[in-house]
Amino acid sequence: DYFGTYLFMKGHSTADWVRQFKIRQIKFDWQSCRTNMDCGVFLLYHCCLYQGKAFKSANLHKASQRRIYRAEICASIVLSDLNIIRSQVLSSVDDFNKNRIAIQASVIQDEQEKIKKEKMEKELLEAEEKRAKKLEKELAEIDAYQAEEDEELNNKADACQAKEDEEEELNNEGDD
């Protein structure tokens with residue numbers, strides 16, 4: 001509908017035909033509900049091969065093959081004679097190639113620093129977990145010791161209470 005409206009606004013002779021065109025959805029074997037970044041690859045592959053009916057493609061199922069298609073599509077677009085910024089892009093590529101070693105060294109250094117940082121964080125986390133386990137163990141030992149002390153105090157208190165009860169009973173018998 002939007003495309004037909006656009007054609008109508010531009011005064012194109014097929015605008016009415018496009019507006020009335022019935023849209024149908026065709027199921028392709030390579031369709032997926034999973035999200036990926038290759039919708040442009042699917043679209044361009046489809047545009048190149050579609051002839052009014054579904055077609056099969058064993059290669060669109062493979063992520064590695066889609067990467068190759070993506071690179072081919074990018075190269076075709078960049079190198080096209082219709083690309084009005086072709087020379088600028090190729091100049092940027094040339095600049096990149098001249099500085100590639102420095103860029104590569106920087107990327108490698110950043111990766112090494114990231115790995116080193118992740119390793120240090122992992123070691124710190126492991127040390128912290130080890131300390132937490134040690135503290136847990138010490139707290140459990142303290143709790144066990146405290147429980148023993150409490151039990152001993154309770155036993156002494158019970159014994160003392162029993163003795164007091166016995167003395168009171170003897171005093172009560174002596175008063176009678």
Side-chain angles (χ1 to χ4, degrees), residues 1-140:
D1 192 36
Y2 292 116
F3 185 58
T5 302
Y6 173 79
L7 291 174
F8 178 77
M9 289 171 42
K10 294 295 181 179
H12 200 277
S13 61
T14 61
D16 288 332
W17 178 76
V18 170
R19 284 174 131 175
Q20 294 172 7
F21 189 80
K22 187 167 182 120
I23 296 173
R24 62 189 169 120
Q25 186 173 0
I26 299 172
K27 180 79 174 147
F28 293 93
D29 69 327
W30 44 264
Q31 280 181 270
S32 172
C33 294
R34 288 179 288 190
T35 304
N36 63 53
M37 304 299 286
D38 292 324
C39 56
V41 173
F42 289 117
L43 174 72
L44 290 173
Y45 195 92
H46 172 82
C47 288
C48 289
L49 297 178
Y50 183 70
Q51 294 179 354
K53 57 184 175 181
F55 59 89
K56 293 187 183 244
S57 170
N59 293 328
L60 282 176
H61 291 291
K62 301 174 187 169
S64 60
Q65 188 62 44
R66 290 194 308 268
R67 270 194 301 276
I68 292 169
Y69 289 153
R70 198 178 319 128
E72 289 173 350
I73 291 166
C74 289
S76 297
I77 292 170
V78 168
L79 298 174
S80 170
D81 292 335
L82 299 173
N83 182 359
I84 59 174
I85 61 167
R86 177 183 173 180
S87 60
Q88 292 170 299
V89 173
L90 293 176
S91 177
S92 294
V93 170
D94 190 41
D95 290 345
F96 173 80
N97 282 331
K98 288 177 186 172
N99 298 318
R100 184 178 51 167
I101 294 172
I103 292 169
Q104 183 181 14
S106 174
V107 168
I108 290 171
Q109 183 179 0
D110 289 349
E111 282 296 314
Q112 288 173 340
E113 287 175 7
K114 182 180 173 185
I115 291 168
K116 190 176 182 180
K117 182 180 175 186
E118 288 173 355
K119 184 179 178 183
M120 286 176 58
E121 288 173 353
K122 183 180 176 185
E123 288 172 354
L124 285 172
L125 182 63
E126 288 172 354
E128 191 64 31
E129 287 174 354
K130 190 175 179 181
R131 263 188 41 214
K133 285 181 182 178
K134 183 178 176 185
L135 284 173
E136 251 181 60
K137 183 179 176 183
E138 288 174 356
L139 285 172

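Keep in mind the model is a prediction, meaning the values are calculated, not measured.
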Atom CD1 in Ile77, atom CG in Leu82: separation rounded to 0.5 Å? 11.0 Å
Okay, side chain of Ser76, backbone of Glu72: is any donor-acceptor separation there less than 3.5 Å? yes
More than 12 heavy atoms of other residues, nucleotides or ligands under 6.0 Å from CD1 of Ile101: is that the case? no
Please check if atom CD1 in Ile84 has more than 12 non-hydrogen atoms from other residues, nucleotides or ligands closer than 6.0 Å. no
Could you walk me through whether Leu79 and Val89 satisfy the side-chain contact (heavy atoms from CB on, under 4.5 Å) test, starting with their C-alpha distance in whole Å, then the side-chain angles of each, then the deciding distance to 0.1 Å, before giving a yes or no? CA-CA 9 Å; Leu79 298 174; Val89 173; over 6 Å; no
Side chain to side chain, Glu118 and Lys114, heavy atoms closer than 4.5 Å: yes
Once ring-ring contact (aromatic ring centres under 6.0 Å, His included) is applied, do any residues pair with Phe21, and if so which ones, sequence neighbours excluded? Trp17
Would you give the length of the straight line joining atom CG of Asp94 to atom CG of Asn99, rounded to the nearest 0.5 angstrom? 9.5 Å
Roughly how far, to the nearest 0.5 Å, is CG of Leu7 from NZ of Lys10? 10.0 Å
Taking all non-hydrogen atoms of both residues, which atom of Ile73 and which atom of Val41 are closest, and how far apart? CD1-CA, 4.0 Å
Can you measure from CZ (Phe96) to OG (Ser91) and round to the nearest 0.5 angstrom? 14.0 Å
Once you round to the nearest 0.5 Å, how far does CZ of Arg66 lie from CD1 of Ile68? 11.5 Å
Considering all heavy atoms, the nearest Gly4-Ala15 contact: O-CB, 3.9 Å
Taking NZ, NE, NH1 and NH2 as the nitrogens, is one of them in Glu128 or Arg131 under 4.0 Å from a carboxylate oxygen of the other? yes
Results of side-chain contact (heavy atoms from CB on, under 4.5 Å) for Asp110 - residues two or more places apart only: Ser106, Glu113
For Ala127, side-chain contact (heavy atoms from CB on, under 4.5 Å) partners two or more places apart: none
Nearest 0.5 Å, what's the CD1-NZ distance between Ile115 and Lys122? 12.5 Å
Give the minimum heavy-atom separation between Val78 and Arg86, together with the two atoms involved. O-CG, 3.4 Å
Apply side-chain contact (heavy atoms from CB on, under 4.5 Å) to Lys134 and Lys130, showing your working. CA-CA 6 Å; Lys134 183 178 176 185; Lys130 190 175 179 181; 5.9 Å; no
